[in-house]
There are 2 protein chains.
Amino acid sequence: MSLSETDDIEGGEILSLHQRILSDIREKILSGAWAPGHRIPFEHELTAHYNCSRMTVNKALSQLAKAGLIERRRRSGSFVRQPQSQAAVLELHDIRIEVEALGLPYRYERLERLKRRSSAEDRARLGLSQSGPVLALEGMHFAGERPFALEQRLINLSAVAEAAEEEFLQIAPGPWLIGRVPWSEAEHRIRAMAADETIADALDIDASAPCLVVERRTWSAEHPVTHVRFIYPAESHTLVARFTPSQG
Amino acid sequence: MSLSETDDIEGGEILSLHQRILSDIREKILSGAWAPGHRIPFEHELTAHYNCSRMTVNKALSQLAKAGLIERRRRSGSFVRQPQSQAAVLELHDIRIEVEALGLPYRYERLERLKRRSSAEDRARLGLSQSGPVLALEGMHFAGERPFALEQRLINLSAVAEAAEEEFLQIAPGPWLIGRVPWSEAEHRIRAMAADETIADALDIDASAPCLVVERRTWSAEHPVTHVRFIYPAESHTLVARFTPSQG
DNA sequence: CGTCCCAATATGTATATACATAATCGCCAT
DNA sequence: ATGGCGATTATGTATATACATATTGGGACG
């Protein structure tokens with residue numbers, strides 16, 4: 001019920017009061033000592049316990065509320081929330097980084113480059129409502145001499161006109177776009193797929209072998225920028241996502 | 001360079017000053033008006049612009065810094081950060097929810113239940129260092145009459161003793177565990193795999209058909225709790241992850 | 001007995017203020 | 001030139017205070 005007797009603990013790191021309140025309460029919740037639904041002490045009680053001002057307590061509680069660990073209700077108090085949907089953070093690195101992390105030399109090679117007016121399929125991929133110029137690219141990321149991932153990309157030239165001038169022979173379009181276009185939103189779709197003949201050929205795997213497909217659509221201030229599909233042979237790649245409720 | 005002339009804008013919602021500062025600056029960054037590396041106005045300039053106290057500005061900037069949009073350097077000012085690694089939030093819902101979202105009746109059925117001392121493989125899956133009792137479960141999630149996902153689960157009975165008493169005949173272990181065990185950390189691995197004979201049989205798909213595999217390891221206060229592997233037929237499932245830099 | 005309204009209460013937001021801390025600039029002495 | 005040192009500056013953290021706002025509980029009154 002009450003907070004732990006941390007008053008005499010000395011061995012820890014140097015934490016600001018703010019951070020100490022945060023981690024104290026988080027620990028109570030994550031350890032289960034304060035179950036979902038439990039009412040945590042009122043601000044004025046914490047103020048007394050930590051011998052600090054209400055502002056400091058308030059900031060810490062507001063942060064916990066924003067992180068989704070607690071819910072605050074006026075006149076009633078603050079309550080531990082039910083564990084919500086399992087949300088995990090998926091870090092999608094640049095492929096060069098991934099390959100180099102394996103200790104293998106990285107190389108990108110363009111397979112195809114086509115400038116055209118957007119087809120209906122292109123518009124569906126990009127989420128465009130009207131026709132316009134697009135750049136369709138296909139390229140291979142190599143780890144050493146082995147194909148690592150096949151990239152199929154569509155760039156909306158109305159949003160990124162400069163891309164029309166770029167050949168992308170050895171420069172992968174991903175890193176090129178980052179830094180040039182401030183992207184404000186992205187959507188990822190992850191699925192498994194059997195390699196068709198063309199893909200199997202390009203990746204040098206058996207036809208109908210399983211592949212991991214990661215598709216990403218990117219917007220910049222409401223405008224669709226690019227759609228990209230990465231196709232990895234199943235054995236070459238695993239995505240790792242980690243969830244930690246600590247974010248303060 | 002300067003902030004937009006929002007002084008005469010009236011049509012917007014009712015926002016607190018704090019939120020208005022946040023969204024103003026976020027908009028500048030996401031629209032690209034303030035490129036990465038750009039120094040945003042000093043706190044005292046924003047104080048003057050919004051005609052408010054430094055504390056209010058400071059809180060907003062601190063929040064942007066925590067969200068990763070800006071970087072703050074003492075004596076130098078605050079700067080727009082380079083877009084970092086593509087981090088996406090992956091929501092992993094309960095399978096019942098997923099199935100019901102498709103408008104199909106949901107059903108869980110236990111296939112196997114085995115209590116044993118942990119084998120070396122079990123310990124590897126759970127991340128345990130020493131031997132102890134575990135519960136191995138296998139079950140099927142159905143969407144209507146079609147198999148939707150195969151679940152292979154391992155529960156560390158040293159961490160969740162009560163699980164030993166539970167039959168899990170129609171109750172899926174996932175929902176059962178949530179609420180009983182406060183989990184503090186989870187790691188997910190996502191990959192593609194070809195169905196072997198057993199799996200293909202269980203899921204009623206062709207042998208060596210591609211599957212999406214989602215593995216999750218869960219800890220509660222440093223103790224491994226459970227390891228679960230969900231195997232989805234490729235055509236039945238796509239994971240969707242969304243990234244928005246806005247989180248204020 | 002039910003309904004309306006007010007007072008009490010907990011959180012929400014903002015201010016002015018103070019001092020700490022880290023980094024940089026420029027001056028000065030070598 | 002150059003190396004060090006102190007003043008300046010911007011952010012970091014905390015306090016006391018004030019008023020706003022939402023919600024609950026209880027009392028007055030029909």
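Convention: sequence-line order gives letters A, B, ...; per-chain numbering from 1. Basis for what follows: all heavy atoms, side chains included, without hydrogens, waters or symmetry-related copies. Just so it is clear, the structure is predicted and the values come from calculations on it, not from any experiment.
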Seminar exercise, completed: Separation of D:dG12 atom P from A:L17 atom CG, nearest Å, is 18 Å
Seminar exercise, completed: Separation of C:dT11 atom P from A:E71 atom CD, nearest Å, is 13 Å
Problem set entry | A:R123-A:S129 side chain donor-acceptor pair, cut-off 3.5 Å | no
Exercise. Is any NZ, NE, NH1 or NH2 atom of the basic residue among A:E43 and A:R74 found under 4.0 Å from an Asp or Glu carboxylate oxygen of the other?
Worked result: no
For this session: Round to the nearest Å and state the distance from B:E43 atom CD to C:dT15 atom P.
Result: 13 Å
Exercise. If only side-chain N and O atoms of A:S78 are considered, is one of them under 4.0 Å from the OP1 or OP2 phosphate oxygen of C:dT11?
Worked result: yes
For this session: Would you indicate what B:L61 reaches in the nucleic acid, counting non-hydrogen atoms under 4.0 angstrom: base, sugar-phosphate, or nothing?
Result: nothing
Exercise. C:dA14 C1' sits how many Å from B:L46 CG, rounded?
Worked result: 16 Å
For this session: State which of D:dA10, D:dT15, C:dG12 makes the closest approach to the side chain of A:S62.
Result: C:dG12
Exercise. Can you name the residues that form a salt bridge (Lys or Arg N to Asp or Glu O under 4.0 Å) with A:R73, not counting sequence neighbours?
Worked result: A:E71
Exercise. Could you state the CZ-C1' distance from A:F42 to C:dG12, rounded to the nearest angstrom?
Worked result: 16 Å
For this session: Could you tell me whether A:E98 and A:R96 have a side-chain N and a carboxylate O separated by less than 4.0 Å?
Result: no
Exercise. Which of parallel (below 30°), tilted (30 to 60°) and perpendicular (above 60°) describes A:H44 and A:F42?
Worked result: parallel
Problem set entry | Whole-Å distance separating the OH atom of A:Y50 from the C1' atom of D:dT13 | 17 Å
Exercise. Using 4.0 Å as the upper bound for N to carboxylate O, is an ion pair formed by B:R229 and B:E151?
Worked result: no
Exercise. Where the side chain of A:N58 is concerned, which of D:dT11, C:dT15, C:dT11 is the nearest nucleotide?
Worked result: C:dT11
Exercise. To the nearest angstrom, how far is A:Q63 atom CD from D:dT13 atom C1'?
Worked result: 13 Å
Exercise. To the nearest angstrom, how far is B:H44 atom NE2 from C:dT17 atom C1'?
Worked result: 18 Å
Problem set entry | Protein proximity profile, nucleotides 19-28 of chain D - base contact B, sugar-phosphate-only contact S, no contact -, cut-off 4.0 Å on heavy atoms | --BSBB----
For this session: Classify the side-chain pair A:H188/A:R216 by whether it contains a donor and acceptor separated by less than 3.5 Å.
Result: yes
